[in-house]
Asker: 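What follows is a structure written as structure tokens; I'll ask about it next.
Residue numbering restarts at 1 for every chain, and letters A, B, ... go by the order of the sequence lines. Keep in mind that what you see is a predicted model, and the values were worked out from it rather than measured.
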Protein chains: 2
Amino acid sequence: MPARSRRLTQAKTDSARRSPCPVSCCLDIVGDRWTLLVVRDLFLGRSRFKDFTASPEAIPTNVLAERLQRLLQHGLVIQAAASEGSKHLGYQLTDKGKALLPVLKAMKNWGLTWERGTKAALH
Amino acid sequence: MPARSRRLTQAKTDSARRSPCPVSCCLDIVGDRWTLLVVRDLFLGRSRFKDFTASPEAIPTNVLAERLQRLLQHGLVIQAAASEGSKHLGYQLTDKGKALLPVLKAMKNWGLTWERGTKAALH
DNA sequence: TAGACATGCTTGCATATTGCAAGCATTTTA
DNA sequence: TAAAATGCTTGCAATATGCAAGCATGTCTA
């Protein structure tokens, strides 16, 4: 898919939702094995493409590129200069994206309680 | 896959995890578009195969069967008589499964706050 | 107690997504 | 200004999803 038409692709409309359930709707956006790990990394202060690929789960680059586009489309992240005066872009959470913190915390707590050998990185 | 060998299939071991991160580990189990909707339905008191397929999101039956097996393998649900004296089996959340309630609540709140037109079914 | 219907799946198949490796234009560093 | 790093894209094989049909077992009705 070329960049321009990707940019013009509409964010998921109400009619594209499986149901009006807020849980279902949330899963339509972040319901896969990778998206919330990218959001976790954003909370950990990572912002650049390379940073996300460096996480221990090793997300494939094509999947990462697609997920970042989806997060942009749904307004969970924005792009901004990666650092002062740099032409490289980084990604940052919007308020909508930051609002997923309780979801990540709940998952963190669940994992720590019920799955042996897990260890938290997110505080 | 025959029923017996499916029963004998090991739950995901530490080595099968992508990383020791509790969030990643949680997503290894429930990180897809459907599993948490099944868990939501279980919280809503639904317990039988037919009940899950009747939800508005309309999960395909083969996907539902696979997800229920995964939830059984990971100990998030158990099977029990669907009703008094019935030979039909239903599914119920274990404590481990019930511990996902904060995750669902966080997703519900996020959806209600950030996605227009969503409406809660889970209380 | 026989037939009809409901339940709880399984199967087959087309399509979509994922994972892996390689490639490449642009930016930054030495 | 050449070399390395960055931020992706592309191609392809493997896996997962979605849809429709099929079917064994259980339950209900006459």
Asker: Counting C-beta onward and ignoring hydrogens, is there a side-chain heavy-atom pair between A:Arg40 and A:Met107 closer than 4.5 Å?
Answerer: no
Asker: Which is true for A:Leu64 with a 4.0 Å heavy-atom rule: it touches a base, it touches only sugar-phosphate, or it touches nothing?
Answerer: nothing
Asker: Taking five pairs at each end of the helix from C:dT1-D:dA30 to C:dA30-D:dT1, what angle separates the two helix axes (nearest 10°)?
Answerer: 30°
Asker: Describe the nucleic acid contact of A:Ser86 in one word from base, sugar-phosphate, nothing, applying a heavy-atom distance below 4.0 Å.
Answerer: sugar-phosphate
Asker: Nearest whole Å is fine: how far is D:dG7 C1' from A:Leu72 CG?
Answerer: 14 Å
Asker: Looking at the side chain of A:Phe49, which of D:dC8, D:dT6, C:dG8 is the nearest nucleotide?
Answerer: D:dC8
Asker: Summarise protein proximity over nucleotides 18-26 of chain C in one line of letters, 5' to 3': B for base, S for sugar-phosphate only, - for none, counting protein heavy atoms closer than 4.0 Å.
Answerer: SBBBB----
Asker: Starting at CG of A:Leu89 and ending at C1' of C:dT27, how long is that distance when rounded to a whole Å?
Answerer: 12 Å
Asker: Between B:Arg48 and C:dT7, is there a side-chain N or O to OP1/OP2 distance below 4.0 Å?
Answerer: no
Asker: What is the distance, rounded to the nearest whole Å, between atom CZ of A:Arg46 and atom C1' of D:dT6?
Answerer: 17 Å
Asker: I'd like to know if B:Ile29 and A:Leu112 are part of one continuous hydrophobic network [Ile/Leu/Val/Met/Phe/Trp/Tyr, side-chain heavy atoms within less than 4.5 Å].
Answerer: no
Asker: Base, sugar-phosphate, or nothing: which does A:Tyr91 touch, judged by heavy atoms less than 4.0 Å apart?
Answerer: sugar-phosphate
Asker: Do A:Arg18 side-chain atoms and B:Ala58 backbone N/O form a donor-acceptor pair below 3.5 Å?
Answerer: no
Asker: Just jot down the side-chain hydrogen bond (donor to acceptor under 3.5 Å, both in side chains) partners of B:Arg48, sequence neighbours excluded, or say none.
Answerer: none
Asker: For A:Gly111, is there any backbone N or O sitting under 3.5 Å from a side-chain donor or acceptor partner on A:Thr118?
Answerer: yes
Asker: Quick one: salt bridge (charged side-chain N to carboxylate O under 4.0 Å, His left out) partners of B:Arg46, sequence neighbours excluded?
Answerer: B:Asp41
Asker: Can you find a side chain N or O atom of B:Lys50 that sits less than 4.0 Å from OP1 or OP2 on C:dT7?
Answerer: yes
Asker: Are any of the side-chain heavy atoms of B:Val23 and A:Lys108 separated by less than 4.5 Å?
Answerer: yes
Asker: Going by the rule side chain to side chain contact (heavy atoms under 4.5 Å, CB included), which residues pair with B:Ala65 if we only count those two or more places apart in sequence or in a different chain?
Answerer: B:Phe49
Asker: Just list the side-chain donor-acceptor pairs under 3.5 Å for residues 88-95 of chain A, sequence neighbours left out, or say none.
Answerer:
unit_1, atom_1, unit_2, atom_2, d
A:Tyr91, OH, A:Gln79, NE2, 3.2
A:Thr94, OG1, A:Gly75, O, 2.6
A:Thr94, OG1, A:Leu76, O, 3.1
A:Thr94, OG1, A:Lys96, N, 3.3
A:Thr94, OG1, A:Gly97, N, 3.2

Asker: Starting at CG of A:Asp41 and ending at P of D:dG7, how long is that distance when rounded to a whole Å?
Answerer: 14 Å
Asker: Could you give the NZ-to-C1' distance, from A:Lys87 to D:dA5, as a whole number of Å?
Answerer: 17 Å
Asker: Grab the CG-P distance between B:Asp51 and C:dG8 for me, whole Å please.
Answerer: 8 Å
Asker: Can you check the A:Phe52 CZ to D:dG7 C1' distance for me, whole Å?
Answerer: 12 Å
Asker: Separation of A:Ile59 atom CD1 from C:dT17 atom C1', in whole Å?
Answerer: 13 Å
